[in-house]
Chemist: 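Here you go, one structure.
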Amino acid sequence: MSEPRKVVLLGATGSIGTNALRILRAHPDKLQLVGASAHSNANDLLQIAEEFALKWICLTDEDAREQAAGKVPEGTELLSGSAGLEELAILEEADVVLVAVVGAAGLSPTLAALGAGKDVALANKEALVAGGQFVMEAARASGARILPTDSEHNAVFQCLGGGSTEQVEKIILTASGGPFLDWSAERMAKVTPEEALQHPNWSMGPKITVDSATMANKGLEVIEARWLFDLPPERIEVAVHPQSVAHSFVQFVDGSLVAQLSPPSMTFAIQHALLFPDRAPGVDDTVDFTQPFSLDFQPADLERFPCLRLAREALTAGGLGPAVFNAANEVAVEAFLENRIGFSSISRTIERSLETMELREPNDLNDIFAADAEARRVATAVAHSQKPS
Ligand code: NAD
Ligand code: MG
């Protein structure tokens, strides 16, 4: 029997991280956790370090690191900050790095891991949205693989059988439509953070849950797919599928469509990415065909969900457009969750930020980081000028 694959898990205490730990517990013969990070949840991370006898952990938040300093189990080394995150990402013994931190904070460790030749199971989509060109270049340069772990992209990856997109006409990303799928624009304008945090199918972190409610999430995923599968925007479609069972389709040139199906749990995608090309029994029950059920599909409404339209426009504008879209969205979602702006101000903040900033071609990664920082400043000012609802 071969050695277990050694895994580093960045964002171990989040929704993806917690699901990944279930998979690691279920397959100790195939997967071994060697390092893990969290932002501020020191207690949970220390528990993970204890359970998996980790040599390396990292707390990116400085206060949390100080709080944890005296409680680290023997044999575990505590790293800190974004430098610590990058150190974890390039650990000598690691084979695969699961990037499950939230936001553009995922970009630097993703680049570091790929640069060191580590395979990256990429759940974090903001890294590809902000710096897709540079992420793909880093993978090409070192020969490391990016294993798509977002469920839609993992579905496409599975439909392609790990092969190329040469015979692909287009891909169709499915979207649940979120909790406000059938709501009028007027009703949506008054949505509260509590309502936006109630997703009908998926249990996820707060940022992506709001992104699903605005459908910015699907916009981010169109951009993510553009890089992962090297397809132009017009060959990446979106279909609303409220049950979240068919996780995306690949349409081949002859018109045949292939989909990947499983219940709405991220464990299917995470396990596929971590074990690829191997497979093992899943940790959640799959679709039950002994009971009747139906699957519905409908087109997305870009008028009620302007964030999806704006993401496409940012992608078509090219250059720094997607990085600006992402940064403005992160700022707007945080402001909405803190009750500083209303739900419809999320798209307004993104739109004004895209209008204000110059979306030129980035020369290098520094341009991406600078645009990200500048877009956050612009979006913060725009959000500040909006009313709470
Ligand atoms: P989450 O908020 O539940 O967890 C985020 C994790 O990252 C936590 O461990 C947290 O401690 C850490 N973190 C937070 N801020 C950080 C920072 N600034 N620097 C470093 N670490 C930080 O989020 P999640 O729902 O698990 O999502 C993680 C990523 O995966 C996101 O990019 C999301 O879009 C993507 N994703 C999530 C799901 C899902 O079902 N949750 C599905 C597909 C893709
Ligand atoms: Mg997804």
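Both ligands and their constituent atoms are indexed starting at 1 by order of listing. Model, not experiment: these values are computed from the prediction.
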Chemist: In ligand 1, which numbered atoms sit nearer than 4.0 Å to a non-hydrogen atom of A12?
Modeler: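 By the 4.0 Å cutoff, the relevant atoms are 9 (O).
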Chemist: Atom CD of residue position E62 - does it have more than 12 heavy atoms of other residues, nucleotides or ligands inside 6.0 Å?
Modeler: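 More than 12 within 6.0 Å, yes.
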Chemist: Hey, are K118 and D95 close enough for a salt bridge, meaning a charged N less than 4.0 Å from a carboxylate O?
Modeler: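 Looking at D95 together with K118, the answer is no, because their closest N to O distance does not fall below 4.0 Å.
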Chemist: With a 4.0 Å cut-off on N to O distance, would you call D211 and K207 a salt bridge?
Modeler: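 K207 and D211: salt-bridged.
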Chemist: Out of all atoms in ligand 1, which are within 4.0 Å of some heavy atom of A105? Include the element for each.
Modeler: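 Close to A105: 17 (C), 18 (N), 19 (N).
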Chemist: Does only the side chain of I208 get under 4.0 Å from ligand 1, or the backbone, or both, or neither? Count heavy atoms.
Modeler: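 Just the side chain.
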Chemist: Output the list of atoms in ligand 1 that are nearer than 4.0 Å to some heavy atom of A123, sorted by atom number.
Modeler: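 Once the distances to A123 are compared, the set is 30 (O), 35 (C), 36 (N), 44 (C).
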Chemist: For atom 23 (O) of ligand 1, what is the closest protein heavy atom, and at what distance to 0.1 Å?
Modeler: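 For this ligand atom, the closest protein heavy atom is G205 CA, 4.0 Å.
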Chemist: Could you tell me whether ligand 1 has any atom less than 4.0 Å away from a heavy atom of V102?
Modeler: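 Contact present.
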Chemist: How far is atom 4 (O) of ligand 1 from its nearest protein heavy atom, and which residue and atom name does that atom have?
Modeler: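 Checked against all protein heavy atoms, atom 4 (O) of ligand 1 sits closest to G14 CA, 3.1 Å.
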Chemist: Does only the side chain of H39 get under 4.0 Å from ligand 1, or the backbone, or both, or neither? Count heavy atoms.
Modeler: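 Both backbone and side chain.
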Chemist: Do F229 and F157 make the cut of ring centroids closer than 6.0 angstrom?
Modeler: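 No: the rings miss the under 6.0 Å criterion.
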Chemist: Would you mind listing which atoms of ligand 1 come within a distance below 4.0 Å of any non-hydrogen atom of T60?
Modeler: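 Counting from 1, the qualifying ligand atoms are 19 (N), 20 (C), 21 (N).
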Chemist: For ligand 1, is there an atom lying under 4.0 Å from some heavy atom of S151?
Modeler: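 Per 4.0 Å heavy-atom rule, S151 does not contact ligand 1.
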Chemist: Should we count CD of E93 as having more than 12 external heavy atoms under 6.0 Å?
Modeler: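 Atom CD in E93 is crowded, with more than 12 foreign heavy atoms closer than 6.0 Å.
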Chemist: Which bit of K207 gets closer than 4.0 Å to ligand 1, counting heavy atoms only: side chain, backbone, both or neither?
Modeler: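 Contact part for K207 vs ligand 1: neither.
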Chemist: Determine whether the aromatic ring centres of F297 and F249 lie less than 6.0 Å apart.
Modeler: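 Yes.
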Chemist: Decide yes or no on ring-ring contact (aromatic ring centres under 6.0 Å, His included) for H272 and F276, but give the supporting numbers first.
Modeler: CA-CA 6 Å; H272 179 267; F276 180 79; 5.6 Å; yes
Chemist: Is atom CD of E303 surrounded by more than 12 heavy atoms (other residues, nucleotides or ligands) closer than 6.0 Å?
Modeler: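 No.
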Chemist: Just to be sure I read this right, does ligand 1 sit under 4.0 Å from the backbone of T13, its side chain, both, or neither, counting only heavy atoms?
Modeler: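 Both backbone and side chain of T13 come within 4.0 Å of ligand 1.
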Chemist: In terms of heavy-atom contacts, does CD of E166 have more than 12 from other residues, nucleotides or ligands at under 6.0 Å?
Modeler: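 Counting neighbours around CD of E166, 12 or fewer heavy atoms of other residues, nucleotides or ligands fall under 6.0 Å, so no.
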Chemist: Using a strict threshold of under 4.0 Å (side-chain N to carboxylate O), is an ion pair present between R377 and E374?
Modeler: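 Answer for the salt bridge query: yes.
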Chemist: State plainly whether the residues D119 and R5 are in salt-bridge range, i.e. N to O under 4.0 Å.
Modeler: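 R5 and D119: not salt-bridged.
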Chemist: Which protein atoms of type N, O or S are found under 2.8 Å from the Mg ion (ligand 2)?
Modeler: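 The answer, once waters are left aside, is D150 OD1, E152 OE1, E221 OE2.
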